[in-house]
Amino acid sequence: MEPKISEKAWNPELEKNILKQWEENKIYEFTPEENNFTIDTPPPYPSGRPWHIGAAAHYSQIDMIARTARMAGKNVYFPIGIDRNGLPVELYTEKKHKIRMRETERGEFLNLCRDALDDLEAEMILIMKNLGISGDFANYYRTDSEEYRTLTQSTFIKLWKKGEVYLANRPNNYDWVSGTTIADAEIIYDDLQTKLVYMKFKIKDTDQEIIIASTRPELLCACKTIIVNPEDERYSKYIGKKIIVPITNSEVELRTHHSAKEEFGSGAVMVCSYGDQNDVALFRELQLEEIVAIGLDGRMTDVAGEYAGLKPKQARTKIIEDLETAGFVEKIEDIVHRTPISERSKIPIEIIPMEEYYLKQKEKIGKMKEVGKEITFHPTMHKQILMNWLESINIDWPISRRRFYGTEIPIWYCKNCSEPHVPEPGKYYRPWNEKCPITNCTKCKSTEFIGEERTFDTWMDSSVSPLFISKFNRDDEFFKKVYPVSIRPQAKDIVRTWLYYTLLRCDELTGEKPWSEAWVMGYGLDEKGMKMSKSKGNAIDPLPVIEKLGADTFRFWSASEINHGYDFRCNEQKIESTKKFLSKLWNVSRFLSSFPVIDSGIPNASDKWILSELDKLVKECKKGYEEYNFFIPAIAIREFTWNVFAAHYIEMVKARAYGIDFSDEERDGAIFTLHKTLATILKLLAPITPFITEHLWKILYSNESIHQQKQVSVENIEEQTDITKEISEFNSKVWNEKKSQNLSLKDSIKIEIPKILEPFKKDLKSMHNLLD
RNA sequence: GGGCUCAUAGUCUAGCUCGGUUAUGACGUCGCCCUUACACGGCGAAGAUCCGGUGUUCAAAUCACCGUGGGCCCA
């Protein structure tokens, strides 16, 4: 019989057509029932080109979760979203159009951001579709849509009314030239010439003094403590002593802290609010009371005494003179100092405390630990990231950002008495651009309001994704059926943010945990194990790889190379070599396609043996799929298909399947077993490589999609592992013997068959052309 | 700088919980081979002081301690 498959290798071009069929037949459509399996898909962020190849691997695996669940008979809801709020697109837009956010009209800037996002998003959607992601693309959502932002704002309003939000001071990076706070990502560093002043500080009630070197003597008025390294023996006798700060004459304590470096300056460091980021950390850690020495106008405040009103640089010059006059200076060194600079105005930034909104979280940590305990993590070890984070949270969550492209904080302030007014939930508000929805201030009856200009931290948006996809506040019936959702897949680097904030917010809003399972994946690194980045030039663009090799090759690589939960290396050559397995599968199928599919047959010893091995494979795959660990089935299927089924079994039964020197009954036993085995392999592999399995399945077995089949179940056949070993050893022995005698594989040879293989004698004889 | 986490041939990986064979298997490399499913194939070979050190033990890849390196997050 002619094989139904004629091509000699799997052609990835076929994927396009299969994709079209899936789309036309809508085989992944979802309507809510009682027993739903909902995936809280991470909405990827379009931050630039190319998309990270690790992310493509990540989404491939999330799709495997969906397909596994579908074949397990679950009603799968697999939403697709795009995260579009936040800083990266603002920076991307500024660079692309060579403009500055704050010098551009806000509405116009937002439009430019939106266009940039649309472009980047289109490419990501294309990649996701081409990867065979079986999600709901027709209804994909955006976190910057009116609907989504309405949800973010409504949930904020709810929390505001419950008293969960408060205002507090927080140190910000401040660019006083452009008059704005700036994000860490907008800070560049430059080596600037500056003076390192060695100052004499008196130790209280003694005549001794210690030397402290600083580049910021003008901040003496904001000095709250002196630190030295705990190992530094020079100062051990002064620990806990009071030190008199020159000029201001205030008293501070000398303490130890590991961040003080013995070799820098004198080894003793003055800690001021705020000279640098380390000061910020120390003020928080040591719970020091901050002093605001520099104002929003970039000038010294009243606490600076006679230096008030001067710019820090002027104040520095003056205070150095005064210190010298008063004899407080030991020496002055000219040094080059790595200074944080605003990317936009190129001046050194100042760190200034400013009022920001905070969402309470400290008092919820205990509750979050309880919720965390109830959630099953895949793999288990990554629960530790959450638990460790919960242990180390020591401040509430600052949720406001002085940025443009984000969900607006829905507050209007009374122009007269500054009373904040929060509108009713259920609508999307843009306070910077809209009139206050109320007409009179509830406190002073004034009619004029100022809209809040700030936006939310993006995690305020993303942390309600389970609520958005389950139509919280929008469709109660749908919500009831879908929430809590089933599983949250995500990467391990955002456990502390996305995963944690989702737990916090969903618990606050619904009193229920958002999902029962969390699936945490590792991080994609380059082939040397280094982080990929555009600047290092080691980033791999996934799109050409997928276009060249096909989605299934990429997906099988992802499954077989990435041990679940661990970081993984991306290597193009290795991805390419994965394609060989698909070719093997293709050719096994091509061979089988020359035999009719028959419903039953009487298996002989060889058939029973391979069926027992097959059952063992099913068992192992089931174990992997239950944990959504695709590494296990991928490796097991490849091993079985290539090294057991194709290498030994097919060779053993080839002649029997052709019916040469065998009875019809013996022949049918082989054909039946061959097809049963292949059909099982295809189903087991379907979640991992959906295209090739679909193609082969339809040619060989059914008009109905393989993705609408139920996964095969374990039959609990007794294992014959020892037989497998004997067979492969015997076959090796024959092949080696023929090789050493310079015989062709089809030549006859006389070799004794071991006793244990007696039941397989006829098949082995025909396979090797053995003489009696 | 701090916390967490990982470490087995060039690469991925089994074994480690509960110490005891010659340390699994695959990719890649090299050699030979067209054998009617497949040269994107078959057969075979080489390749690992199990990151380093110290300890416990008759015995350590496996247990303990101290380092080193990578990654992630925070600063």
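Note on naming: letters A, B, ... go to the chains in the order of the sequence lines (proteins, then strands), and numbering restarts at 1 for each one.
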A.B. asks: Taking the same atom, P, in B:rU5 and in B:rA64, what whole-Å distance lies between them?
C.D. replies: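 Pairwise P distance, B:rU5 against B:rA64, rounds to 14 Å.
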
A.B. asks: So for A:Lys739 and B:rC43, does any side-chain atom that can act as donor or acceptor lie under 3.5 Å from a complementary atom in the base?
C.D. replies: yes

A.B. asks: So, A:Arg590 side chain and A:Ser6 main chain: donor-acceptor pair closer than 3.5 Å or not?
C.D. replies: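 Yes; judged by distance alone, with no hydrogens or angles, the pair exists.
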
A.B. asks: Rounded to the nearest angstrom, tell me the gap between atom CD1 in A:Ile494 and atom P in B:rC73.
C.D. replies: 10 Å

A.B. asks: Within the modelled atom types, does a donor on one side and an acceptor on the other bring the side chain of A:Ser583 and the base of B:rC40 under 3.5 Å apart?
C.D. replies: yes

A.B. asks: Consider the side chain of A:Phe631, meaning its heavy atoms from C-beta on, and name the nucleotide among B:rC38, B:rC6, B:rU13 that approaches it most closely.
C.D. replies: B:rU13

A.B. asks: At their closest point, which heavy atom of A:Ile749 faces which heavy atom of A:His768, and how far apart are they?
C.D. replies: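 Minimum heavy-atom separation between A:Ile749 and A:His768: CG2-O, 4.4 Å.
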
A.B. asks: Would you call the rings of A:Trp459 and A:Tyr501 parallel, tilted or perpendicular, where under 30° means parallel and over 60° means perpendicular?
C.D. replies: tilted

A.B. asks: Counting side-chain heavy atoms from CB outward, which of B:rC40, B:rA37, B:rC12 is closest to A:Lys579?
C.D. replies: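 So the side chain of A:Lys579 is nearest to B:rC40.
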
A.B. asks: Expressed as a whole number of angstroms, how long is the span from A:Tyr566:OH to B:rC4:C1'?
C.D. replies: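 About 14 Å, once rounded to whole Å.
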
A.B. asks: For B:rG25 and B:rA45, measure between their P atoms and round to the nearest Å.
C.D. replies: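 Per the computed distance, 11 Å lies between those P atoms.
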
A.B. asks: Is it the case that the side chain of A:Asn587 and the backbone of A:Ala9 share a donor-acceptor pair, with hydrogens and angles ignored and the cut-off at 3.5 Å?
C.D. replies: no

A.B. asks: May I ask you to check whether A:Trp10 and A:Asp552 show a side-chain donor-acceptor distance below 3.5 Å?
C.D. replies: no

A.B. asks: Whole angstroms only, please: what is the CG-P distance between A:Asn388 and B:rC72?
C.D. replies: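 Going from CG in A:Asn388 over to P in B:rC72 covers 18 Å.
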
A.B. asks: Sort out the partner of B:rG71 for me: Watson-Crick or G-U wobble, both distances under 3.5 Å, none otherwise.
C.D. replies: B:rC4

A.B. asks: Determine whether the aromatic ring centres of residues A:His564 and A:Tyr628 are separated by less than 6.0 angstrom.
C.D. replies: no

A.B. asks: Determine the contact category for A:Asn643: base if any of its heavy atoms lies under 4.0 Å from a base atom, sugar-phosphate if only primed atoms, P, OP1 or OP2 are that close, otherwise nothing.
C.D. replies: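 Sugar-phosphate only.
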
A.B. asks: Of the candidate nucleotides B:rC4, B:rG25, B:rC38, which contains the atom at the shortest distance from the side chain of A:Gln384?
C.D. replies: B:rC4

A.B. asks: Reckon A:Lys584 has a side-chain N or O less than 4.0 Å from the OP1 or OP2 of B:rG41?
C.D. replies: no

A.B. asks: Check every atom of B:rC40, B:rG41, B:rG44 against the side chain of A:Asn736 and return the nucleotide holding the closest atom.
C.D. replies: B:rG44

A.B. asks: Taking the six-membered ring for Trp, are A:Trp519 and A:Phe630 parallel (under 30°), tilted (30 to 60°) or perpendicular (over 60°)?
C.D. replies: tilted

A.B. asks: Applying a 3.5 Å limit to both distances, which nucleotide forms a Watson-Crick or G-U wobble pair with B:rC58?
C.D. replies: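 Matched B:rC58 with B:rG20 under the 3.5 Å cut-off.
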
A.B. asks: Using the side-chain heavy atoms of A:Asn563, tell me which of these nucleotides is nearest: B:rC43, B:rU13, B:rA37.
C.D. replies: B:rU13

A.B. asks: Please report, rounded to the nearest Å, how far the C1' atom of B:rC74 is from the CD1 atom of A:Ile395.
C.D. replies: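 The distance from CD1 of A:Ile395 to C1' of B:rC74 comes to 11 Å, rounded to the nearest Å.
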
A.B. asks: Between A:Trp10 and B:rC38, is there a side-chain N or O to OP1/OP2 distance below 4.0 Å?
C.D. replies: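 No, A:Trp10 has no side-chain N/O under 4.0 Å of OP1/OP2 on B:rC38.
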
A.B. asks: Would you mind reading off the distance between A:Glu561 atom CD and B:rU13 atom P, rounded to a whole angstrom?
C.D. replies: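 Whole-Å distance recorded here is 7 Å.
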
A.B. asks: Write down the distance separating the C1' atoms in B:rG70 and B:rC65, rounded off to the nearest Å.
C.D. replies: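 The answer is 22 Å between these two C1' atoms.
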
A.B. asks: Quick one: label A:Glu737 by what it contacts on the DNA or RNA (base, sugar-phosphate, nothing), any heavy atom closer than 4.0 Å.
C.D. replies: nothing

A.B. asks: Give me the distance, rounded to whole Å, that separates B:rA61 from B:rC18 when you measure between the C1' atoms they each carry.
C.D. replies: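 The answer is 16 Å between these two C1' atoms.
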
A.B. asks: Closest to the A:Lys8 side chain: B:rC38, B:rA37, B:rC12?
C.D. replies: B:rC38

A.B. asks: Mind checking A:Ala646 for me? I need base, sugar-phosphate or nothing, with any heavy atom below 4.0 Å counting as a touch.
C.D. replies: base

A.B. asks: Over all strands shown, is A:Lys738 touching base, sugar-phosphate only, or nothing at heavy-atom distances under 4.0 angstrom?
C.D. replies: nothing

A.B. asks: Using atom P in both nucleotides, what's the gap between B:rU8 and B:rA46 to the nearest angstrom?
C.D. replies: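 Those two atoms are separated by 23 Å.
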
A.B. asks: For B:rA37 and A:Tyr658 - does any side-chain N or O of the residue sit under 4.0 Å from the phosphate oxygens OP1/OP2?
C.D. replies: yes

A.B. asks: Measuring to OP1 and OP2 of B:rG44, would you say a side-chain N or O of A:Ser732 lies under 4.0 angstrom away?
C.D. replies: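 True: A:Ser732 side-chain N/O within range (under 4.0 Å) of B:rG44 OP1/OP2.
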
A.B. asks: May I ask you to check whether A:Tyr500 and A:Trp397 place their ring centers less than 6.0 Å from one another?
C.D. replies: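 Not close enough - the centres of the two rings lie 6.0 Å or further apart.
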
A.B. asks: Between A:Ser744 and A:Thr578, which residue's closest nucleotide on RNA chain B lies nearer the 5′ terminus?
C.D. replies: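 Looking at the nearest nucleotide for each, A:Thr578 comes out on the 5' side.
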
A.B. asks: Quickly work out the A:Ile575 CD1 to B:rU11 P distance and round it to whole Å.
C.D. replies: 17 Å

A.B. asks: Watson-Crick or G-U wobble partner for B:rC50, using a 3.5 Å limit on both distances?
C.D. replies: none

A.B. asks: Determine the contact category for A:Trp642: base if any of its heavy atoms lies under 4.0 Å from a base atom, sugar-phosphate if only primed atoms, P, OP1 or OP2 are that close, otherwise nothing.
C.D. replies: sugar-phosphate

A.B. asks: Among B:rA26, B:rG3, B:rU35, which nucleotide sits nearest the side chain of A:Leu745?
C.D. replies: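 Out of B:rA26, B:rG3, B:rU35, the nucleotide with an atom closest to A:Leu745's side chain is B:rU35.
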
A.B. asks: Quick check for you: among B:rG25, B:rU11, B:rA37, whose closest atom lies nearest to any side-chain atom of A:Glu639?
C.D. replies: B:rG25

A.B. asks: For the side chain of A:Phe591, counting heavy atoms from C-beta on, which of B:rC43, B:rG71, B:rA37 is nearest?
C.D. replies: B:rA37

A.B. asks: Want to settle it: does A:Ile635 or A:Met381 sit nearer the 5' end of RNA chain B, counting the closest nucleotide to each?
C.D. replies: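 Nearest-nucleotide comparison on RNA chain B picks A:Met381.
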
A.B. asks: Could you give the distance separating B:rA9 and B:rA23 at their C1' atoms, to the nearest angstrom?
C.D. replies: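 Result for the C1' pair: 11 Å, nearest Å.
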
A.B. asks: Whole Å only: how far is the CG atom of A:Leu592 from the P atom of B:rC38?
C.D. replies: 13 Å

A.B. asks: Taking pairing as Watson-Crick or G-U wobble with both contacts under 3.5 Å, can you name the mate of B:rC40, or confirm there isn't one?
C.D. replies: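 Pairing partner, where one exists within any strand: none, as none qualifies.
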
A.B. asks: Would you say A:Lys580 reaches B:rG28's phosphate, i.e. side-chain N/O to OP1/OP2 under 4.0 Å?
C.D. replies: yes

A.B. asks: Can you check whether A:Val520's main-chain N or O pairs, donor with acceptor, with A:Lys492's side chain at less than 3.5 Å?
C.D. replies: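 Not at all, since once roles are kept as given, no pair shorter than 3.5 Å links the two residues.
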
A.B. asks: Looking across every strand, which nucleic acid part, if any, lies under 4.0 Å from A:Arg496 by heavy atom: base, sugar-phosphate, or nothing?
C.D. replies: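 If one applies the 4.0 Å heavy-atom cut-off, A:Arg496 turns out to touch a base.
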
A.B. asks: Any side-chain N or O of A:Arg638 under 4.0 Å from OP1/OP2 of B:rA26?
C.D. replies: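 Indeed not, no polar side-chain atom of A:Arg638 lies that close.
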
A.B. asks: What is the distance from CD of A:Glu620 to P of B:rA14, rounded to the nearest Å?
C.D. replies: 12 Å

A.B. asks: When the C1' atoms of B:rG47 and B:rU22 are compared, how many Å lie between them, rounded to an integer?
C.D. replies: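 Their C1' atoms lie roughly 16 Å apart.
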
A.B. asks: B:rC63 and B:rG2: how far apart are their P atoms, nearest whole angstrom?
C.D. replies: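 One P to the other, the span is 26 Å.
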
A.B. asks: Taking any heavy-atom pair under 4.0 Å as a contact, classify A:Ala281: base, sugar-phosphate, or nothing.
C.D. replies: sugar-phosphate

A.B. asks: Look through every strand shown and name the nucleotide pairing with B:rA45 as Watson-Crick or G-U wobble, where both distances are under 3.5 Å.
C.D. replies: B:rU29

A.B. asks: Backbone N or O of A:Ile227 within a donor-acceptor pair of the A:Arg255 side chain at under 3.5 Å?
C.D. replies: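 No: the side chain of A:Arg255 does not pair with the backbone of A:Ile227.
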
